[in-house]
Every structure is written in structure tokens, then in C-alpha cells.
Amino acid sequence: MSHSTYNKMWAHAHLDLTSLLAQEMPEMPPPLEKDRVVFFQRVATLYVRYVQIFRRLESVYDQMVHPQKRRILRQLLDGVIGRVLELKNEMVEKECSEYHYMDDIVQDLKLTPADIEIPIPKYFINERTKVLHERGQILSAILDRMGLQTKPKTAVVRPLSLEEAIKLIQVSERARQGRLRAKFMREIRRDEERQRRAKERGTVGADLDQAATRIQKVWKGFIQRKKTRKERDDEMIFIGMALGPQHIQPCPATVAARSTEEHRQHRQGEHEREYQMALVSVKDKLREVEGPDMRETMKDQIRQWFIECHDLTGTFPEYPDEEDGGSAVIFAEKTPKQLQEELAAQEAEKENAQKSKGKKEKKTDKGKKGKEKGKGEEEEEPGLKMAPSAFLPEVANNHKIYKTVWQNRDESTNFNQKHVEELIKEEKRKEIESEIRVQVDELMREELKNLRLAVDRDSGTKGKSGKKKKKGKKSGKKKKKEKDLTPDRTIQSLYQELVEQGILKQAEKVTLDEYLGDYSYLGTTLRQTDIEPMPSLSDVRQVVSLYAVLPLGSSVVHEKAPLVKSILLAGPAGVGKKMLVNAICTETGANLFDLSPMNIAGKYPGKNGLQMMLHLVFKVARQLQPSVVWIGEAEKMFYKKVPKDEKELDPKRLKKDLPKILKSIKGEDRVLIVGTSKQPFNGDLKPLCKAYNKIILIPRPDYASRYVIWAQLIQKNGGVITSALNLSSLAKISDGYTQGHIMKVVKAVLTERRIDQLAKKPLTGAEYVVHLAKIDPVFKEEEEAFKSWYAKTPLGKKRAMAALGKNEEEVEKGKEKGKGGKNKK
């Protein structure tokens, strides 16, 4: 696509933002909404619309070539991502569920499920390519040195001698002749058997006409079936229910579009380099041309201020300190009179503050009663409102910059979309002005000092040395810094040690798109009939994107968005929990630390060893962020009673230290703890829920997801889907089986030999059913155990209360009344 196309997409995104900002930041605050359903619909609509803007801005930022536009786009994109995460958090709090079903909103806005899929911004990886490549090389080198790197085996071809070659050919030829001889003998025996049976029936040979009729019958039946099958396939293609042969090959337009995208990304790098060079050259030129004039203008203004203040007050003013802004305070276009008035007003405010303190101390019971009345009045107006946003002001500011700078700018001469020099000059003038101001301030302080001495000498009085104001001490206790156990070691040495110990691992390259699953189309309908639907794999993918990938990918988003420190992925074996952990690392370029009980058993023994291990892990994780700390079989850490066969492994080793670690993680630390569990009900629920503030239940795939999984996995492993393979029946039969089971079956069927036979013998469903029958599915009892366990989690309890139409406040009030009644008795 062209430059103008992406500029139009950017303009459309801002047009949508205009209406959203008017709705979210009205001049008058809207009345509070009392109906929870209506409030959720409002928030969900905002969420869907912001996701639309997010998708549009992400594609524009990925392909925009103009370096200055990219900067403002990046800031806006981070703001929109943050707002999406805030709205998601709002929906979770109001609906008491991690999964939301917005079929009605999607239908009203005339969208498809694909339109509300959360995209993964490409700049998470593209802007860190060099760093990730270097880190990958270091990790590979360490693994090679340890002998853990799996290298592809190269076949060594040994040259044959003439005798060996002749012998090999002879063996092959004799084998070929033997197979032909066996085939001929088989045909001879078959003919003899046919003649023997004919003699027994009493018919020596069939009539020629009868034989010809039989041949015609078989041939005509074959031709008609082939013709009918072709007509049926043509009809399915015509009505859009099947793809034609032209769609199997890549479309030329698609190939051309991909090459254009790659070319645009190459030009992004070129334009960025030119822009960086222009920043330096323009600044140097401005400093040389306009710098002297700026310096003289500042000096004249400051001298004029000295004279005006002396004429007005009879004394020279105190020069503002550097910390207060220096001469920038003088350049605020204020007259000496205005400055004097401001000083007088500040003194009056201080006096009023002291008086008000005295009044507060003398408050009587009437004041308390007034407060109680005020509280009562506040309680009379209950309602739901959204929490204040940390990203809306930033989004509004970037929207304003777009309207003032870019919306009506004439770019007819900037066909190549290179940087605009005038904008660089505006930006650099401020920088040069602040640099020169520091130099001028030093000179003018000396000049003011000399002026005072000269005036005092003339008047014969000693000058009073201006006393500097004492800075108030900061109240509050200083937080104790964590003791650095490895102050003399470099991060590279710590990194190497963790790799050698098997704690820092190389994540498998898996993208989140490869976690296959279809949209849940019946979610809203089931909830309207008071049935809680099981989430689809598409919903799981969305939640992982929102809680893990987006915050880890952007430091700006992670600092301001609702902080998610830890996630627990719970579900039956084979649903793709470890794959999701690897996908998070791949999409964000994060390091993977493995603190699973089985992995750390016997490593860093003792209490001091454990402290050292955790110190190493989180020091490296913070320095080389983003980082993911994976804890497999997370329930073992919270065993009520450790099994005898696992006592040597000490699975509860991290239980006491994990809460301390979570407290130490701040907004600026892009570190995420991800636990996975296939038997979460074996652990103590209360500490488990305290350790993981987000619990994501992953179910077995539903029918729609199984259909997609079968189709994608068969094609990915070299299979060809024909009319002989009924995927719908296969998806129905495989109910209860997970993605891991399906993958195992597909690999068992599609061997190299079977792939070679596909041209003559197409795949059928029966081949897969044989292998499926050998695997135990996820039984209903296990699924119910997961459901009942999740219902006991804090969010599960809230959801149960919300389903009954009760709020937490009502339940708490009921408990308090019950306690009061018992006390009276």
C-alpha cells in the first residue's frame, strides 16, 4: 500500500478517537449508572472500539516510513494499548470473570470475531532485533560448550569403490527381478484359481457379450461417479463453501504486497538514520547561527528585570536558583509588579494555612456530626463509575498534537516521506535555549553580585548576604535497599552461571497465532439462559495477550497499566500450557527462567543457596528485561502434605520466598511469574491464590476449535485434506481429547511412507480413529473437578455471587448482621 493509504488509516483512527474522547472526557460528569448490565455493555463497547483503533494504529506504525510521524504514532499506540488493558481490568471487576462474550456488540458494530482479535505489535521484536540476536548467540555458545545444543545431523557420504558399487547394483537388480518373478507367479496362481472355480461352477468361459456388458457397466458407473463428484465440487466452489484450485497457490497480489511491506521496513531504517543525522547537524547549525542572538537577548531581558525591580523596590532581586528553573522563571512574561503580587499572595496563603490548622484543632462534636451527615448524603447516591485512567490524558495530548501539527500539513512536496526540518528546528531551539540559559545564569549571577557591591559601595552600607532557603527534609522512612549478594560480578557471568545450572533456558520459537482455536459463538446466548459457558481456546489466547504479552512488550504500558505480577495457567495435560509460556517469550523477546520444583531440585542447596539462586535469577531478569519466570507443576509448591516419593525433591522450597519476590516486583520491572498446573486441586488453595493474582482456566477444545486444529495440524505435517477425509466427523468423534492428543495422533498417522502414498491413497478418518482409541481422553469427572476448583478461587466466588444477583457489600453486611444477632443472644 502507498503512503497516502497509511495516512488515511491514521486519520480514520483519529476520527474514531475524537468521538471516544468526547464520550470518555465530557465537560460535565455523566450521572452514575446503577444497572450493572448496562454499565458492562458501555465498557465492553468502549473496549471493542479501542481494539479497532489499536489494530489500525499497529498496522500503520508497522508500515509508516516518516520518522517523526512514527514517534507520535508510537506514543499514541502505547496509550491506546494501556487504555485497552484498563478497560479489560474494568470488565473483569464488573463481570467477575476473566472471559467475556460480546457477540451482541460485535453484531451491532457489524464486525467479525477476527476484528476484535488482539494483535501483537511487531515492534516488540523488530526494535530489539540486534540485542536479541546477540543474546541468542551468547546462549547458543554456552549451550554448545556444555554439549546441550542439539545440532542437525548431517549425513556423511562415504565414497564407494568400483567393486562395492558393482556389488550394490547387482543386489538391487536381483531384488528387482525377484519382485517381478513373485508378481508373475502371483498372477499365474490367481488365473489357475479362477479357472478351477469356473470348472466347479460348470461354466468353462463366459459369453463375450455378457463379459462386454459387465465391463461397460463398471466403466460407465466409474465415469458417472467421477462426473457427479466433479459437479458437486464445482457447486461447492461456486456457492463459496470450498476453495478452488487457484486458491491453493499463493496469490500474486499477496506476494507483491509482502515484498512491498519488506521494502517499506527497509526504508524505515534508512529514513531513521537520516533523521538521527539531521538532529545533530540542525542542532549544531542552530547553535552556530541563532545561539549568539539568544544569549544576548537573554542577557538584555535579565538586565531589564534587574533595573525594573530596583526602580520598584529600591533593591536588586534574588536570582532564582537552578533547581527552581533559573532565568526561566523571569522569562514567564511577568512584570515586577506581578512577581511582587505573587510573593505577597504566597505569604498570605501561608498565614491562612497556619490559622486553619488552629481552627481544626478546636473542632467540636458538631463538626463530627456534620461529617456523618456528609457521609450519609454520599451513600444516598450509589452507582457504578469507571476508575480514573492513567492513559487517557496521554492519548488526548497525542490526539491534540496530531490535529495541530499533522492533520492539515501539506505534504505534496514530501513524496518520499522524509523528516521535516522545520519541526526539528522547533524542537532543537528549546534544547539550545535551555543549554544557553544555564551559561547565561552563571554570568548574570556574577553580574548581579557585582552590581550589589557597586551600589553598596556608593551608599556606604554593607551588603547583606542573601541567605539560602533551607530545604525541608523529606518525611517518611527510607526504604531499605535489597542487599546485592554479587556486587563484584558482571551480568554476563551471572547469565552464564544460570545457563550452566539449567535455570535459564532457550525458549522454543512458537508464536501465539500457532495456539489454534476458534471463537466461542454461543457465549452470550448461554449466559442469558444462566449457563456459565466454558471458554474457547480463542478466549484463552486473548487473555494471555492482554495479561502477559502486551505489558511485557512495552515498558511505558507496563509502568502505568494495572500491574499483573503473576499468572497461573491451569488445565488438563495437553491443553498447551507450556506452549503458551514459550509463545509469551517468543512474542516479547523475553528470557525464560525455569524455577520448577523438578528443575531446581539439588541445585543451590541450603537456605543461603536458595537466597543466592533467587538473587541471581531476579537480578539477571531485571537487568535483561523483559523476563518470564516459569514455575511448572505449581501446585507442588503448595502441597498440604508432601508425598513420600517427592520428599527428596523438596517441592515446597520456594513457598516462603515467593510472596517476598512478588512484593519486590514494581511497575518498572518487566518480570512476569507464570505458573502451570495440571492438578491444581492437589495444592492448598488459599496460598496458591495469593501467589498468583490471575488464574486462567484452560479447558479442553470445543468442536469449532477441534475442527480448526485437525485441519491445520494435518496440513502442517504434510497431509492433504480431500473429500475422503470428513473433518467434521473427526472433530465430533475427538470430543474430550486435547491438542496434545490430536498432535500425537497426527504424527503417528503421517509417517514419511504414508505421505509418499497420499497421491494414490488419500487420508481417511478411520486411520486417525484407530490411534485415538489407544489414548485416554479428558473424562467428564476431571473436567468437573477443574470447574469446582475454579469456583472456589476468589474470582470464581465473586462470579457465583454475581450470578445470584448479590454484591460483595451485601454479603459482608449479611455476615455482620449474623454476627450481631449471635452477640445479642
Does [Y] offer a backbone N or O that forms a donor-acceptor pair with the side chain of [X] under 3.5 Å?
{"X": "His558", "Y": "Gly667", "answer": "yes"}
{"X": "Thr586", "Y": "Thr511", "answer": "no"}
{"X": "Lys636", "Y": "Met598", "answer": "no"}
{"X": "Lys505", "Y": "Asp594", "answer": "no"}
{"X": "Gln739", "Y": "Gly576", "answer": "no"}
{"X": "Asp702", "Y": "Ser705", "answer": "yes"}
{"X": "Asp539", "Y": "Ser536", "answer": "yes"}

Within a strict 4.5 Å, meaning less than it, do heavy atoms of the [X] and [Y] side chains meet?
{"X": "Ile105", "Y": "Leu111", "result": "no"}
{"X": "Glu98", "Y": "Tyr790", "result": "yes"}
{"X": "Glu782", "Y": "Pro572", "result": "yes"}
{"X": "Asp115", "Y": "Val106", "result": "no"}
{"X": "Ile503", "Y": "Leu595", "result": "yes"}
{"X": "Val564", "Y": "Leu85", "result": "no"}
{"X": "Asn717", "Y": "Val749", "result": "no"}

Matching residue for Thr676 among Leu569, Leu580, Ile631, Ile698 - test: side chain to side chain contact (heavy atoms under 4.5 Å, CB included):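 For Thr676, the side chain to side chain contact (heavy atoms under 4.5 Å, CB included) test succeeds with only one of Leu569, Leu580, Ile631, Ile698, which is Leu569.
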Run the numbers on Asp518 and Ser538 for side chain to side chain donor-acceptor pair (under 3.5 Å), then give the verdict. CA-CA 5 Å; Asp518 204 1; Ser538 172; over 6 Å; no
Under the salt bridge (Lys or Arg N to Asp or Glu O under 4.0 Å) test, residues paired with [X] that sit two or more places apart:
{"X": "Lys94", "result": "Glu90"}
{"X": "Arg653", "result": "none"}
{"X": "Lys690", "result": "none"}
{"X": "Asp657", "result": "none"}

Using a strict 4.0 Å threshold on nitrogen-to-oxygen distance, state whether [X] and [Y] make a salt bridge.
{"X": "Glu93", "Y": "Lys798", "value": "no"}
{"X": "Lys780", "Y": "Glu783", "value": "no"}
{"X": "Arg700", "Y": "Asp735", "value": "yes"}
{"X": "Glu587", "Y": "Lys509", "value": "no"}
{"X": "Arg55", "Y": "Glu58", "value": "no"}

Could you check Ser545 against Gln542 for side chain to side chain donor-acceptor pair (under 3.5 Å), going step by step and ending with a plain yes or no? CA-CA 5 Å; Ser545 298; Gln542 295 275 78; 5.2 Å; no
Where Leu132 and Gly589 come nearest, the two heavy atoms and their spacing: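 Heavy-atom minimum between the residues: CD2-O, 3.3 Å.
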Shortest non-hydrogen contact from Gln679 to Glu635?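 Where Gln679 meets Glu635 most closely, the heavy atoms are O-CG, 3.1 Å.
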Name all pairs fulfilling the side chain to side chain donor-acceptor pair (under 3.5 Å) condition that reach into residues 99-110, sequence neighbours left out, sorted by first residue then second.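 Qualifying pairs, neighbours excluded: Gln41-Asp104, Lys88-His100, Glu95-His100, Asp103-Tyr519, Asp103-Thr524.
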Can you check side chain to side chain contact (heavy atoms under 4.5 Å, CB included) on Val581 and Leu592, steps first, answer last? CA-CA 9 Å; Val581 175; Leu592 179 62; 3.8 Å; yes
Apply side chain to side chain contact (heavy atoms under 4.5 Å, CB included) to Ser140 and Gln506, showing your working. CA-CA 9 Å; Ser140 297; Gln506 195 166 22; 4.0 Å; yes
Could you walk me through whether Phe54 and Ile118 pass side chain to side chain contact (heavy atoms under 4.5 Å, CB included), step by step? CA-CA 8 Å; Phe54 172 26; Ile118 300 293; 4.0 Å; yes
Would a line drawn from the ring center of Phe786 to the ring center of Phe681 be shorter than 6.0 Å?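 When the ring centroids of Phe786 and Phe681 are compared, they turn out to be within the sub-6.0 Å range.
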Heavy-atom neighbours of [X] [atom1] exceed 12 at 6.0 Å:
{"X": "Lys603", "atom1": "NZ", "value": "yes"}
{"X": "Lys655", "atom1": "NZ", "value": "yes"}
{"X": "Glu508", "atom1": "CD", "value": "no"}
{"X": "Lys678", "atom1": "NZ", "value": "no"}
{"X": "Lys578", "atom1": "NZ", "value": "no"}
{"X": "Glu752", "atom1": "CD", "value": "no"}

With sequence neighbours excluded, tell me which residues meet ring pair (Phe, Tyr, Trp, His ring centres under 6.0 Å) with His741.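 Ring pair (Phe, Tyr, Trp, His ring centres under 6.0 Å) list for His741, sorted by chain: Tyr737.
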Judged by modelled atom types alone, do Ser729 and Asn726 share a side-chain donor-acceptor pair under 3.5 Å?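 Side chains of Ser729 and Asn726: pair found under 3.5 Å.
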Go through the side-chain N and O atoms of Trp710 and Ser734 and say whether any donor and acceptor fall under 3.5 Å apart.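 On atom types as modelled, these side chains qualify, holding a pair under 3.5 Å.
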Test Ile733 against Tyr768 for side chain to side chain contact (heavy atoms under 4.5 Å, CB included), laying out the working first. CA-CA 10 Å; Ile733 290 167; Tyr768 294 100; over 6 Å; no
